[in-house]
There are 2 protein chains.
Amino acid sequence: MRTAKSFSCPVEAVVNLIGGKYKTVILWHLINNTLRFNQLQKQIPQATPKMLTQQLRELEHDGIVNRKVYPVVPPKTEYSLSQFGLSLIPVLDSMRKWGVEYIKSAGKQILSEK
Amino acid sequence: MRTAKSFSCPVEAVVNLIGGKYKTVILWHLINNTLRFNQLQKQIPQATPKMLTQQLRELEHDGIVNRKVYPVVPPKTEYSLSQFGLSLIPVLDSMRKWGVEYIKSAGKQILSEK
DNA sequence: TAACATACTATCTAAAAAGGAAGTAATAAT
DNA sequence: ATTATTACTTCCTTTTTAGATAGTATGTTA
């Protein structure tokens, strides 16, 4: 797991760890679910396998997700939140709440735009 | 203010709006404070004026911060959170809480690394 | 023997984000 | 006339991030 850089402010730390393009979405899907690579791919089709692998590796490297490889053929790999990853749930949740409201009001706004 | 894209998941919306390198930090400093450009610069010295301006303009464009220009010489510009920006406080706050814990435990970790 | 499944990896290109250094505008004070 | 102040803007370069496409490994099944 990476050691912390010094941040000028605590919120920076979060952006640093989960600010990647697909990271929050990946984490979102892993709350309450252990998923295989191709299940994640189906849930997040806009991410290419390369991107998905890359983001997952970074999350793993940062100790946020667990990656469990089964030595079988065809391959089987399971991703889940680590203990540390679980600690991010409140953050993800407050983001979700805000996002839901935002999407709601953005919808209204589009309707009210003439 | 930008209209919402469609997001595959609500948390994405947040990252989209405040995922920029210095945005959360800027917002953090603007909670409870109206600040002038050079005050922000002093608080966030790692951001060049160009970056600071850019991020502030995006935040303004997204309706998150207010920018008030006084037509005086030398110039005076004040930045503050808008109503919409205020709605992000719970998110910023959960990030802060997590960040504080993270920094704490990262410190411990560094100590325990032999 | 060939095709299939799964989880990637590799390579190359393109686009986006960030960094650095210098410059501008307007007026007031010296 | 020169300098100072403040909030930028411009231009150019470098770095980072992302995308597209194709390929690999390995047993299992048809």
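Note that this is a predicted model, so its numbers are computed, not measured.
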**Q** Where is the tightest heavy-atom contact between B/Met95 and A/Val91, given as atom of each residue plus distance?
**A**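 Shortest heavy-atom contact: CG-CG1, 3.8 Å.
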**Q** Taking A/Val69's backbone N and O only, do any of them form a donor-acceptor pair with A/Thr77's side chain (distance below 3.5 Å, no angle check)?
**A**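 Absent.
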**Q** According to salt bridge (charged side-chain N to carboxylate O under 4.0 Å, His left out), does anything in residues 30-53 of chain A pair up with another residue at least two apart or in another chain? List the pairs.
**A**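 Those involving residues 30-53 of chain A do not exist here.
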**Q** Could you encode protein contacts along nucleotides 4-20 of chain C as a string, one character per nucleotide from 5' to 3', using B for base contact, S for sugar-phosphate-only contact and - for no contact, with a heavy-atom cut-off of under 4.0 Å?
**A** -BBSBB-B------BBB
**Q** Among residues at least two apart in sequence or on other chains, which ones pass ring pair (Phe, Tyr, Trp, His ring centres under 6.0 Å) with A/Trp98?
**A**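 Ring pair (Phe, Tyr, Trp, His ring centres under 6.0 Å) list for A/Trp98, sorted by chain: A/Tyr102, B/Phe84.
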**Q** Can you find a heavy atom in the side chain of A/Glu101 that is under 4.5 Å from one in the side chain of B/Ser87?
**A**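 Answer no - side chains too far apart.
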